[in-house]
Amino acid sequence: MREIKHYIGGEFMTGGTGHLDSINPTHPDQIIGEVPLGSAELMGQAVEVAASNQSAWRKQTGAARAGQLHAWGDAISARQEELAKAIVDEVGKPIGEARGEVQRCVAILRYFAGEAVRPVGEVVPSLTPGALQYSLREPHGVVGLITPWNFPLAIPLWKAAPALAVGNTVVLKPSEHSGYCAQLLAETAHAAGLGNVFQVVMGAGDTGRTLVEHVEVRAISFTGSDRTGKAIALTCAERNKRFQTEMGGKNVAIVLADADLKQAANLVAGGAMRFAGQKCTATSRVVVDSGIRGRFIDELRAAIDSLPVGDPAAAETAVGPVISAASQGRIDAAVSNAEFIYQSSKPDKGFFVASSVVGGISETDDLAQNELFGPVLALFEAKSFDQAIQIANHTRFGLSASLCTRDIGNALKYIDQVQAGMVRVNADTTGVDPHAPFGGYKGSSSGTREQGEVAKDFYTQIKTVQINP
Ligand code: ADP
C-alpha cells in the first residue's frame with residue numbers, strides 16, 4: 001500500500017478526519033492507498049501558506065515563473081513511466097492512453113511556461129490629451145482547484161499551470177478516487193521547488209466545500225459532475241467569487257450517408273468505448289442517416305470488436321474497467337431494460353462493464369439525456385440532416401460534437417448549427433489538443449474556457465490605468 005499525504009508548505013503530512021481507500025478498479029482486492037480526508041483546519045493551513053506566498057510569487061518575473069513551470073515539466077518527464085503506471089493502477093486507464101496523458105502534462109507545462117512571458121495588457125488610447133491609458137491583467141491571489149479522477153494528472157495541471165503562470169498561488173483538492181496520482185503530482189511539484197505556491201489537500205466532497213467557502217480563495221475552477229458543479233457555482237455566486245465549472249456532456253456524433261463508413265465506425269467506437277467511455281468528451285450518442293443504418297451497424301460492431309477489453313496494464317488494451325463498483329452498478333442498471341444492438345463480452349473480475357450500443361430509445365429517455373460515464377452508446381436514426389442536427393441539439397449539454405461526412409457544405413452547416421463548444425469533423429468527440437480552448441455550451445460549462453491562450457481570462461482580473469502628464 002502506498003503512502004498518500006496532503007502537501008502543505010512544502011511538507012507531506014497526514015491528519016484530518018479519517019481516510020478513504022483508493023481501490024485498483026482492475027483488481028478490487030488491491031488497495032492502492034488510504035486517501036486522508038482533510039479537515040477545515042488543514043484546508044485553512046494550506047490556504048494560509050498559499051496566501052502568504054502569493055505576493056512574492058507574483059513579483060517574480062514571468063520568465064522566472066516560466067523557469068519553474070519548465071522544472072515541473074522536467075520532474076514529470078523524469079518519472080513518466082511511473083506516473084503512467086500509477087494512472088493505470090489507480091483509475092484503470094489503458095497504458096497507451098495513460099502514457100499519452102503524462103506527455104500531455106509535459107506539453108501543458110511547456111505551453112504555459114511560454115504564456116508566462118506574453119503581454120499582460122493593452123494600451124487604450126485616452127480621451128485626455130497626453131495621458132497614457134492601459135489595461136493590465138493581474139492574478140486573483142489564491143485560486144482553488146477541484147478535480148475529478150479521470151485525468152488525474154492532466155486536469156489538475158491544465159488548471160494549475162495557467163493559474164501559476166500569471167501569478168496566482170494554488171490549492172488543489174483532487175478526487176478521492178485518485179489520491180495516489182495526486183501524491184505523485186505533488187512530489188514532482190516538490191522536486192521543482194513549487195512547495196510554497198502549490199498545495200494539495202486530499203479529501204472528498206466535504207473537503208472540497210471547505211476550499212470553496214474559504215474567504216481567502218478568490219476563484220474556483222472545477223471539473224466534475226453536473227450536480228456538484230451547480231452547487232459550487234451557487235456558493236461562489238453568493239460570495240461573488242469567480243468560478244469556472246466543467247460538467248460533462250452527452251456528446252454526439254452524426255454519420256451521414258456520404259461518410260467513409262469504416263472510418264466513421266472506428267471514430268464512433270473509439271470515442272464511445274476507449275477508457276470505458278469515462279471522458280467528459282466521450283461519444284454517448286450517435287445519429288445515423290436511416291439509409292445506411294444497417295451497413296453502419298455492421299461496421300460499428302467490427303470496430304468495437306477491434307478494441308480489446310481487459311487489463312489496462314496490457315499494451316493492446318483499449319477498454320479497461322470503470323472506476324468503482326458504484327459506477328459499475330449504476331451503468332448496468334441504466335441499460336438493464338435497453339434494447340441492445342450490440343454488447344461486448346467482459347472479464348468477470350474487476351469493475352468491468354460490457355461495451356454496448358443501445359437502440360429503440362426516445363430522445364427524452366434517460367439514456368439519451370443523462371451522462372452515464374460508461375461505455376454505452378445510444379443510437380438514433382434520422383431521415384434528414386436537419387433532423388439529425390435537431391436530435392444532436394436536443395440535450396441540456398453541449399461539450400463536444402462530431403460529424404462524419406465528405407461534403408464540405410454539410411460540414412459548414414453543422415459547424416454553424418450545432419450547439420457545442422467543440423466541433424470535430426471526421427474526428428471523434430475526444431482528444432482535443434492541449435493548447436486549444438476547451439469547454440462547452442449550455443449545461444456543460446460555465447465561465448470562460450480552459451487551456452490555450454484564453455485560459456488566462458479566468459485566472460486574471462483586469463485593472464485599467466490612466467497616467468496623466
Ligand atoms: P465524479 O462523480 O466524477 O467523481 P464529483 O462532482 O462527485 O464527480 O467530484 C468531482 C470533484 O468534486 C471531486 O474532487 C470531489 O471530491 C469534489 N466534490 C464533490 N462534492 C463536492 C462539493 N459539494 N463541494 C466541493 N467539491 C466537491
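Counting starts at 1 for both ligands and their atoms, in listed order.
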Please determine, by modelled atom types, if R58 and S55 share a side-chain donor-acceptor pair under 3.5 angstrom.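 No, because no side-chain N or O of R58 sits under 3.5 Å from a partner of the opposite role on S55.
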Lys NZ or Arg CZ of K456 over F112 ring: under 6.0 Å, within 45°: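 Relative to the ring axis of F112, which defines the angle, K456 lies outside at least one limit.
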Got a sec: does the OH of Y441 have more than 12 other heavy atoms crowding it under 6.0 Å?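 For Y441, atom OH is not crowded (no more than 12 foreign heavy atoms under 6.0 Å).
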Between K279 and E97, is there a side-chain N and carboxylate O pair less than 4.0 Å apart?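 Salt bridge flag = yes for E97 with K279.
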Using a strict cut-off of less than 4.0 Å between a Lys/Arg side-chain nitrogen and an Asp/Glu carboxylate oxygen, indicate whether D428 and R274 qualify as a salt bridge. no
Could you list, one pair per line, each nitrogen or oxygen of ligand 1 together with any protein nitrogen or oxygen closer than 3.5 Å, giving atom names and the distance rounded to 0.1 Å?
from: ligand 1; atom 1: 6 (O); to: S225; atom 2: N; distance (Å): 2.9
from: ligand 1; atom 1: 6 (O); to: S225; atom 2: OG; distance (Å): 2.7
from: ligand 1; atom 1: 6 (O); to: T228; atom 2: OG1; distance (Å): 2.8
from: ligand 1; atom 1: 8 (O); to: S225; atom 2: N; distance (Å): 3.4
from: ligand 1; atom 1: 14 (O); to: T147; atom 2: O; distance (Å): 2.8
from: ligand 1; atom 1: 14 (O); to: K173; atom 2: NZ; distance (Å): 2.9
from: ligand 1; atom 1: 16 (O); to: K173; atom 2: NZ; distance (Å): 2.6
from: ligand 1; atom 1: 16 (O); to: E176; atom 2: OE1; distance (Å): 2.7

Which atom pairs, donor and acceptor, lie under 3.5 Å between side-chain atoms of residues 32-44 and protein residues at least two apart or in another chain?
from: E34; atom 1: OE2; to: H19; atom 2: NE2; distance (Å): 3.4
from: S39; atom 1: OG; to: E41; atom 2: N; distance (Å): 3.4
from: S39; atom 1: OG; to: L42; atom 2: N; distance (Å): 3.1

